[in-house]
There are 2 protein chains.
Amino acid sequence: MLCAPPDYAESHVADTDHPFAGLVSRLEANQTLSREDREALLHLPNKLRQLDPGTYIVREGDRPRACGVLISGFAYRQKVTGDGARQIIGLHVPGEALDFQNLFLEVSDHNVQMLTRGEIAEVPIEAFQKIALERPNVGRAILVTTLVEASVFREWVLNIGRRDSRSRLAHLLCEFALRLEAGGAARPDHGYELPMTQEQLADATGLTPVHVNRVLKMLEAEGLIVRNRRHISFPDWHRLRDVGDFNQRYLHVRDRATNGVF
Amino acid sequence: MLCAPPDYAESHVADTDHPFAGLVSRLEANQTLSREDREALLHLPNKLRQLDPGTYIVREGDRPRACGVLISGFAYRQKVTGDGARQIIGLHVPGEALDFQNLFLEVSDHNVQMLTRGEIAEVPIEAFQKIALERPNVGRAILVTTLVEASVFREWVLNIGRRDSRSRLAHLLCEFALRLEAGGAARPDHGYELPMTQEQLADATGLTPVHVNRVLKMLEAEGLIVRNRRHISFPDWHRLRDVGDFNQRYLHVRDRATNGVF
DNA sequence: CGCAGGATTGATTGCATTCAACGACCGTGG
DNA sequence: CCACGGTCGTTGAATGCAATCAATCCTGCG
C-alpha cells in the first residue's frame, strides 16, 4: 500500500484515515490499481452507520439496494436450516466488502450479521456496479476477491466435513489469526481478542456450544492456547497449526513477507 | 483448433453440436451475451481430451496452464486433510467450466477429478483471460457464475454442518437433480443415473460409506427414492425436497419456467 | 471360473449431543 | 453500594447418531 501518486500529490484524502482505506488496500493485495482506480473507490458515495452486535446487514431473500463495507468491528455470514439450526458460513474483518454477491445476483441466499459493534459504509449498488464495470482493474479485483472467498468456503466444507472437533476449532483459530494479520494486525502467534461467544464458535464449526467449551479446555490443557476472558493467545503456534491441519494456501495471500512463515 | 477468423459470419459452427455450446448457454443463463461474445467463446482455442474416471484435471498446488471445460461426463472438486480423509466439495455437470479460479489465482487450492468417463476441452488460460478482460459481458458472466458457485459452497457448509445424515443425502440428491435439469436434462422427479459410488456420496456428505448405504436403504424403505443399480428416481419428489430441507434459491437459477415449481 | 470393486449387513465402539444445573461476570437500577 | 437479571461459560450424566471393524454378497469382466 501507500503507492504515492505518480503525477501530483492529491492528499486531500488522507489514505489511512479514509473509511475505505482498508477496502482499497485489501483490493490492491489481489490486483494492481491505478491512482484513478483508488480515487474512484475512495469517492464512492456512502453512508456510515454504527451497528450493534447481531444487527442484520443482509437477510436471505432480500434484494439489497446497498453494498456494505465493514469499516470497524466484525461480521459474519449465516444460514439456517428448516428446523432452526444455524450455521455460520464465514467471518469478516474490517476492510472487507460484505456484499459483492448482491452486486450481481438479485436475491440474497444467506444472512449477514454484525458479530461485534462496529461501523459499516453502505454504498448504493448501482455506484459499485458502475465502478466495477467501467474500471477493469476494479472489476478484476472484485472477481479475485470473490474467488478467494470461494476458496475459503471450500476449506470450511473440508473442515466441517472431515476434521474432528479439536482440529476444527484449532483450524478456525488459525484462520482468524491469519485473516487479522492480513489486515495489518499483529502477528498470529501473538494472540488476539476473539470476538465470538462459544455458541458462535459452535455455529461456525458445526458443533454444540457445550462441546466447544470442552474442546477449548482441552486445547488449553494441552498448552495450545491460553485464554483470558475473550483474549486468546498461542504459546505454540506451530503445533496449533499442525493440530488444526492448517495450510494457508487456501487464503491466497500474496504477501511475500509472511508467506509460509506462520 | 477451430481458430477461424472472427471477422465475417461463420455459421459452419452449428451451435448445438459445438463442444462449447453448453458452456455458452450456461453463461447466457447468467448474463446476456452479444452474438460477437458467443462467437468469441465458440472460437476459443482448445484441445479435446477423453478422460477416464478418476483422472486429475487439476491438482492442489498446481499452477494450471489451461482451463478445462466439461463437455460430457461428470467431474468433482475435492480436498484431502493431512491424515488422508477426503472431502468432495462440489460436483460438475456438462457445460460447466472447471477452472475459473485458476484464470485469476495462481496456485490451485484443491483437486478436480473426473467422476465418470467423459470429455473435456482444455483452453489455454491466456486465451480465456483475454476474452474475460476484453469482453465485459463475458467477464461479467464469469463473475456471476463464480458467485453462484460460491453460493453452492455456502449451502454445502450448511448441509454438512447442520443437517443429519438423512437430510444431507436427500439434499444432495435434490441438488444433483436440479443441476442436471438446468443443463436441459429431464425433470427432477423423473430420476437420473447417479454417477457416484456410495463411497463418493460419503465423501460429498461428510459421512462414511457404510452409513450412506444404511441411509439410502432407509430412504428407499420410506418410499422417497427407488434405486435400480445406479439409476435413482423419486416417487415423491415433494416429500424428498422437504426431507432434504431443499430450497433451490441458492442455485440462483433464473429460468422462470421451472422456478420454484420443484 | 475367479477376481476386483462396490454394496450390504451385523456387532460394537466412541465422539459429540442432549439435558440439566450451576457459576461467573457485567451492566443496570433502586 | 449492592441486589438483580441476563448472558455467557462450565460441568456432570446419560443418550444417540454415526463411525469403526469385520464379514459376506453381488455383479461385471478378463
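The chains referred to below are lettered A, B, ... by the order of the sequence lines, with proteins before strands, and numbering in each begins at 1. Remember, predicted model here, so these are calculated numbers, not experimental data.
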Between B:L201 (CG) and D:dA18 (C1'), how many Å, whole number? 16 Å
With sequence neighbours excluded, what pairs up with A:E220 under the salt bridge (charged side-chain N to carboxylate O under 4.0 Å, His left out) test? A:R227
In whole Å, I'd like the distance from the CZ atom of A:R230 to the P atom of C:dA24. 18 Å
Any pair counted as salt bridge (charged side-chain N to carboxylate O under 4.0 Å, His left out), so long as it reaches residues 201-218 of chain A, sequence neighbours left out: A:R86-A:D203, A:D203-B:R162
Ignoring backbone atoms, establish whether A:K217 has a side-chain N or O less than 4.0 Å from OP1 or OP2 of D:dT11. yes
Just the rounded figure in Å: distance from C1' of D:dC26 to CZ of B:R229. 9 Å
I need the CD1-P distance between A:I225 and D:dG9, as an integer number of Å. 13 Å
Pairs flagged by ring pair (Phe, Tyr, Trp, His ring centres under 6.0 Å) wherever residues 196-227 of chain A is involved - sequence neighbours left out: none
Between P on D:dC25 and CD on B:Q198, what's the gap in Å once rounded to a whole number? 18 Å
Quick one: salt bridge (charged side-chain N to carboxylate O under 4.0 Å, His left out) pairs with a partner in residues 164-174 of chain B, sequence neighbours left out? B:R166-B:E222
Taking N or O atoms only and anything under 3.5 Å, show me the protein contacts with nucleotides 10-17 of chain C, one pair per line.
| from | atom 1 | to | atom 2 | distance (Å) |
| --- | --- | --- | --- | --- |
| C:dG10 | N7 | B:R214 | NH1 | 3.3 |
| C:dG10 | O6 | B:R214 | NH2 | 3.1 |
| C:dA11 | N6 | B:R214 | NH2 | 2.9 |
| C:dA16 | OP1 | A:S165 | N | 2.9 |
| C:dA16 | OP1 | A:S165 | OG | 3.4 |
| C:dA16 | OP2 | A:S165 | OG | 2.9 |
| C:dA16 | OP2 | A:H211 | NE2 | 3.4 |
| C:dA16 | O5' | A:H211 | NE2 | 3.4 |
| C:dT17 | OP1 | A:T208 | N | 3.2 |
| C:dT17 | OP2 | A:T208 | N | 3.1 |
| C:dT17 | OP2 | A:T208 | OG1 | 2.8 |

To the nearest angstrom, how far is B:L216 atom CG from D:dA18 atom C1'? 15 Å
Distance check: side-chain N/O of A:N213 vs OP1/OP2 of D:dT10, anything under 4.0 Å? yes
Could you tell me the separation between the CZ atom of A:R117 and the P atom of D:dT7, rounded to a whole number of Å? 18 Å
Using whole Å, what does the distance between atom P of nucleotide D:dC8 and atom CD1 of A:I232 come to? 17 Å
Listed once per pair and sorted, the ring pair (Phe, Tyr, Trp, His ring centres under 6.0 Å) pairs that draw on residues 53-76 of chain B, sequence neighbours left out: B:F74-B:F176
Evaluate the side chain to side chain contact (heavy atoms under 4.5 Å, CB included) criterion for residues A:T146 and A:E149: first the C-alpha distance (whole Å), next the side-chain angles of each, then the deciding distance (0.1 Å), finally the verdict. CA-CA 5 Å; A:T146 297; A:E149 251 191 67; 5.6 Å; no
